[in-house]
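The analysis underlying the following values was restricted to heavy atoms, covering all of them including side chains, and did not include hydrogens, waters or symmetry mates.
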Amino acid sequence: MMQFSEIPPLHQIPPFSIPTMNKNQIHRARPWPGFPTSKGLGSFGDANCMEQLLVHCANAIESNDATLAQQILWVLNNIAPPDGDSNQRLTCAFLRALIVRAAKSGTCKMLAAMANAHCNLSIDIHTFSVIELASFVDLTPWHRFGFTAANAAILEAVEGYSVIHIVDLSLTHCMQIPTLIDAIASRLEGPPLVKLTVAGGATEDVPPMLDLSYEELGSKLINFARSRNVVLEFRAIPSTYADGFSSLIEQLRVQHLVYAESGEALVINCHMMLHYLPEETLSPLSNVNSNPYSFEPSSTQSLRTMFLKALRGLDPTVVVLVDEDADFTSNNLVCRLRAAFNYLWIPYDTVDTFLPQGSRQRQWYEADICWKIENVIAHEGLQRVERLEPKSQWVQRMRNAGFRGVSFGEEAISEVKTMLDEHAAGWGLKKEEDDLVLTWKGHNVVFATAWLPA
């Protein structure tokens, strides 16, 4: 993360210049009316106050009030260092995202000019090797929770099938699949033929990044499956979330009759991927390229609705939907900022329990969160792809699309609890109707749901 230079009052700053001040100079800086001196900044250090300052800063930037924006930035810069506690690091990331927004939008032109001239606003996103990513994912239940719950639901749904076709729409580049293959290999009735289809290149611009192609990844998975006496067929279909995975859906639909006649189990595994599909607050479908699903004449439905209805048309054996339980869809910047601030404190809080300060993995982890914060705060339109919806909204979408929820069995719950025991105290599990929810200190983090055609 970047650290901003400490900014004196606006009238003292010449254009395109931010003087750097040492600690002794800070107390001699002239404070603005209504703002504390540096000696009094300690009272501003709690999360609620930081959130309010960020909200005021966002409003100032949106209203092109550079003077007020800089005053608030000065306070935030002094109370939220990038190497501070979890709330300070969180606030620093939001502060950076607001300056990126100002620089992108052209509002607060002086602020934007200073940002462009003096601040490195880029985020250093790490590109993982397969081994690095597998180890990285294992550090926290954030993804492992969904893997464990989904695999349990999938194994129960495909019991007795000799051919299993898995469509893996996952943000983590098939990291869930080796554990699933291990479980499938030990079935009493013997291992089935496994067909694995992925949307190749779907998340090339979204972290975590992978340092090899999907063809190379497929070869590694095939070799791993072979070592477990499982025959795996791998296929990557070039497809993107931007148009609702239309290429993928079309190819699956063409083969649908074959699936039905051969008795294959069709598994749709959606792991933190569907929230990248455009939703209603983005624009009508007529403005998102064109309607990719020719069988849906309505242009009033979002790609999310249409995608789920397309999945229902495939008559899958089971659909598993895992995602983060938050709402980042508001068109109002302040609403999004509040929602993101009150959700993304969780990864910053948890990282202190499993990664030491200054470690490379911690830098990778927090850079990914910074990327998410920047996308939520600094971008609009098609560029703003981090559009999380809460579990309740996805449940309603699935029901409207013709699915019915199924409960996770006791074995699945037991496996999730066993997995959580491997991690720090603070992680928890709760059951909400048919669904499982991962919690941190009682707050919802990630949900897992399983669905059958109604």
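Taking the six-membered ring where tryptophan is involved, the planes of Y214 and H173 are tilted, since the angle between them lies from 30° to 60°. Classified by interplanar angle (parallel below 30°, tilted 30° to 60°, perpendicular above 60°), the ring pair W345/H443 is perpendicular.
Side chains of S246 and D243: a donor-acceptor N/O pair is present below 3.5 angstrom, by distance only. Inspection of the D327 and T329 side chains reveals an N or O donor paired with an N or O acceptor under 3.5 Å.
For CD of E432, the number of neighbouring non-hydrogen atoms (other residues, nucleotides, ligands) closer than 6.0 Å is greater than 12. The number of heavy-atom neighbours closer than 6.0 Å to CG of D124, taken from other residues, nucleotides and ligands shown, is 12 or below. Within a 6.0 Å sphere centred on CD of Q361, other residues, nucleotides and ligands contribute more than 12 heavy atoms. When the shell of 6.0 Å around CD of E216 is examined, it contains more than 12 heavy atoms from other residues, nucleotides or ligands. In the displayed structure, K430 atom NZ is contacted under 6.0 Å by more than 12 heavy atoms of other residues, nucleotides or ligands. The environment of CD in E422 is crowded: more than 12 heavy-atom neighbours from other residues, nucleotides or ligands sit within 6.0 Å.
For the side chain to side chain donor-acceptor pair (under 3.5 Å) with E279, the qualifying choice from R304, R387, R397, Q393 is R387, the only one to do so. Only one option out of Y365, W142, W427, F136 pairs with F354 in a ring pair (Phe, Tyr, Trp, His ring centres under 6.0 Å); it is Y365.
The pair E62-R101 meets the salt-bridge criterion, since a charged nitrogen lies less than 4.0 angstrom from a carboxylate oxygen. Under the 4.0 Å criterion applied to side-chain N and carboxylate O atoms, K431 and D434 are not assigned as salt-bridge partners. Salt bridge R362/D352: present, at least one basic N to carboxylate O contact under 4.0 Å. Taking the charged nitrogens against the carboxylate oxygens, R336 and E380 do have a contact shorter than 4.0 Å, which makes a salt bridge. Salt-bridge annotation for R89 and D83: absent, with no side-chain N of the basic residue lying under 4.0 Å from a carboxylate O of the acidic one.
In this structure, the side chains of E366 and L355 stay at 4.5 Å or more apart for every pair of heavy atoms. With a 4.5 Å cut-off on side-chain heavy atoms, F234 and K195 do not count as touching. Taking 4.5 Å as the limit, some side-chain heavy atom of F224 sits within range of a side-chain heavy atom of I181.
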Apply salt bridge (Lys or Arg N to Asp or Glu O under 4.0 Å) to K391 and D435, showing your working.
CA-CA 9 Å; K391 179 174 76 74; D435 315 319; 3.0 Å; yes
